[in-house]
Engineer: 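Below is one structure. I have some questions about it.
Computed over heavy atoms, backbone and side chain alike; hydrogens, waters and symmetry mates excluded. Atoms within a ligand are numbered from 1 in the order they appear, just like the ligands themselves.
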Amino acid sequence: MTATVTAQPDTRLNPLLQIENLSVRFASKRGEVTALDNVDLTVPKGEFLSIAGPSGCGKSTLLKVVAGLTIATSGSARLRDTVVKNPRRDIGYVFQRAALLEWRNVRGNILLQAEMRGMDKAKASRRADELIEMTGLTGFENAMPHELSGGMQQRVSLCRALLHEPDVLLMDEPFGALDALTRERMNIELHRIWRETQTTVILVTHSVAEAVFLANRVVVMSPRPGRILETIDVPLGNDRDYGATMEHPEFVRIAAKVRDLLGATHASD
Ligand code: ADP
Ligand code: MG
């Protein structure tokens with residue numbers, strides 16, 4: 001008998017994040033809006049999970065619940081063994097806009113994280129040096145945000161989000177404002193940084209190629225009220241070359257599947 005070998009992380013082992021029966025409803029002038037409806041999701045430590053779905057299906061809301069910035073109406077998100085109820089300090093967040101302080105240089109923006117958290121100065125400084133090197137910002141430590149390209153600003157934002165070595169890195173359409181070539185480069189870098197840091201990452205993206213290239217699993221959501229339509233494994237190993245991956249039959253198959261699922265939802269987007 002042949003044993004079945006799978007390269008995927010077993011989601012039952014070492015769950016870092018467990019979302020159970022999560023629903024979020026907001027009160028609005030036109031009545032109640034259900035942003036998320038009965039979402040169940042388990043993310044093992046070290047996984048890279050991509051989330052794709054039409055606008056308004058609750059992707060940002062899902063990340064905010066994990067971060068403790070939005071409260072669940074019912075159900076729960078559990079990080080390690082505690083139910084998330086308040087803003088969490090053990091997460092990192094990267095948004096579409098880098099949101100850097102214009103009057104602080106690159107290093108000053110990265111170290112803002114340490115100041116807000118009261119981290120040990122020497123330790124934070126060493127970690128900042130490592131991240132600056134890892135993200136290719138060496139030589140730009142003293143540059144001001146307006147002197148940087150969009151891609152470099154997002155690198156600074158990534159360094160700031162990783163400075164305190166968070167358990168989970170949440171990324172909400174982080175490369176949506178970048179041109180196609182820069183975005184591709186950032187995808188390659190993010191893949192390498194994920195491997196080097198072994199951080200658990202949840203990435204929300206509208207790009208199918210980005211979602212599949214980076215992820216161990218891709219979650220596709222339905223239009224509002226957001227539900228998980230399907231969770232698709234990406235069994236391409238964790239050492240991915242961009243060009244070779246794009247042409248890999250398995251990549252092509254999975255990307256087409258994600259596109260189909262999203263296409264089916266767009267009629268109502
Ligand atoms: P996505 O990120 O997938 O585009 P969101 O999570 O931002 O979607 O929003 C999901 C739905 O919830 C949308 O209809 C949005 O208008 C609504 N929504 C999000 N945040 C709030 C809020 N704080 N108050 C009221 N409605 C909200
Ligand atoms: Mg959003």
Engineer: Through direct or indirect side-chain contacts below 4.5 angstrom among Ile, Leu, Val, Met, Phe, Trp and Tyr, which residues connect to Trp103?
Structural biologist: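 Grouped by the 4.5 Å side-chain rule, Leu101, Leu112, Met116 form the rest of the cluster around Trp103.
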
Engineer: Has ligand 1 got any nitrogen or oxygen that is less than 3.5 angstrom from a nitrogen or oxygen of Ala27?
Structural biologist: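 In this structure, Ala27 places no N or O atom under 3.5 Å from an N or O of ligand 1.
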
Engineer: Report, as a single number, the protein N, O or S atoms less than 2.8 Å from the Mg ion (ligand 2).
Structural biologist: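 For the Mg ion (ligand 2), the figure is 1.
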
Engineer: Can you confirm whether something in the protein, heavy atoms only, sits under 4.0 Å from atom 21 (C) of ligand 1?
Structural biologist: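 At least one protein heavy atom is under 4.0 Å away.
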
Engineer: When the ring planes of Phe213 and His191 are compared, do they come out parallel, tilted or perpendicular, using 30° and 60° as the limits?
Structural biologist: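 Tilted.
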
Engineer: If you compare all heavy atoms of Ile132 against all heavy atoms of Cys159, which two are closest, and at what distance to 0.1 Å?
Structural biologist: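 Heavy atoms of Ile132 and Cys159 come nearest at N-SG, 4.2 Å.
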
Engineer: Under the rule for side chain to side chain donor-acceptor pair (under 3.5 Å), what residues qualify as partners of Glu165, not counting sequence neighbours?
Structural biologist: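 Result, side chain to side chain donor-acceptor pair (under 3.5 Å) vs Glu165: none returned.
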
Engineer: Considering non-hydrogen atoms of the protein only, which is the closest contact for atom 23 (N) of ligand 1, and what is the distance?
Structural biologist: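 For atom 23 (N) of ligand 1, the nearest protein heavy atom is Phe26 CE2, 3.8 Å.
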
Engineer: Please list the nearest protein heavy atom to atom 13 (C) of ligand 1 with its residue and the distance rounded to 0.1 Å.
Structural biologist: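 Ranking protein heavy atoms by distance from atom 13 (C) of ligand 1, first comes Gly56 O, 3.9 Å.
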
Engineer: Among residues at least two apart in sequence or on other chains, which ones pass side chain to side chain donor-acceptor pair (under 3.5 Å) with Glu147?
Structural biologist: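 Glu147 satisfies side chain to side chain donor-acceptor pair (under 3.5 Å) with no other residue.
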
Engineer: Could any protein non-hydrogen atom be found less than 4.0 Å from atom 16 (O) of ligand 1?
Structural biologist: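 For atom 16 (O) of ligand 1 the answer is no, since every protein heavy atom stays at 4.0 Å or beyond.
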
Engineer: To the nearest 0.1 Å, how far is atom 8 (O) of ligand 1 from its closest protein heavy atom, and which atom is that?
Structural biologist: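 For this ligand atom, the closest protein heavy atom is Gly58 N, 3.2 Å.
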
Engineer: Taking everything shown except Phe95 itself, do over 12 heavy atoms lie less than 6.0 Å from its CZ?
Structural biologist: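 Enclosed: over 12 neighbouring heavy atoms sit under 6.0 Å from CZ of Phe95.
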
Engineer: Do the side chains of Lys64 and Tyr93 get nearer than 4.5 Å, heavy atoms only?
Structural biologist: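 With C-beta onward as the side chain, the pair touches.
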
Engineer: Quick check on Gln198: does its CD atom have over 12 non-hydrogen neighbours (other residues, nucleotides or ligands) under 6.0 Å away?
Structural biologist: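 Open: at most 12 neighbouring heavy atoms sit under 6.0 Å from CD of Gln198.
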
Engineer: Write down the atom of Gln96, the atom of Gln154, and the distance for their closest heavy-atom approach.
Structural biologist: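 Result for this residue pair: O-NE2, 3.2 Å.
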
Engineer: Is it true that, when you exclude Glu133 itself, more than 12 heavy atoms of the residues, nucleotides or ligands shown sit nearer than 6.0 Å to its CD?
Structural biologist: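 Check fails, neighbour count at 12 or below.
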
Engineer: Indicate yes or no: does Asp129 engage Arg107 in a salt bridge with an N to O separation below 4.0 Å.
Structural biologist: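 Salt bridge flag = yes for Arg107 with Asp129.
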
Engineer: Note the single closest protein heavy atom to atom 7 (O) of ligand 1, along with its residue, its atom name and the distance in Å.
Structural biologist: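 Going by distance alone, atom 7 (O) of ligand 1 is nearest to Ser60 CB, 3.7 Å.
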
Engineer: Could you list the atoms of ligand 1 found under 4.0 angstrom from a heavy atom of Ala35?
Structural biologist: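 Those atoms are 10 (C), 11 (C), 12 (O).
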
Engineer: Would you mind running through ligand 1 and noting each atom that sits below 4.0 Å from a heavy atom of Ser55?
Structural biologist: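 Heavy-atom distances to Ser55 below 4.0 Å select 4 (O).
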
Engineer: Can you check which of Asp172, Leu69, Thr61 brings a heavy atom nearest to atom 6 (O) of ligand 1?
Structural biologist: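 Checking each option, the heavy atom nearest atom 6 (O) of ligand 1 is found in Thr61.
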
Engineer: Consider ligand 1: state whether an atom of it lies below 4.0 angstrom from any non-hydrogen atom of Ser28.
Structural biologist: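 It does not; every heavy atom stays at 4.0 Å or beyond.
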
Engineer: Determine whether more than 12 heavy atoms belonging to other residues, nucleotides or ligands lie under 6.0 Å from atom CZ of Arg117.
Structural biologist: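 Enclosed: over 12 neighbouring heavy atoms sit under 6.0 Å from CZ of Arg117.
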
Engineer: Looking only at heavy atoms, is any part of Arg224 under 4.0 Å from ligand 1, and if so is it the side chain, the backbone, or both, or is it neither?
Structural biologist: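 Side chain only; the backbone of Arg224 stays clear of ligand 1.
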
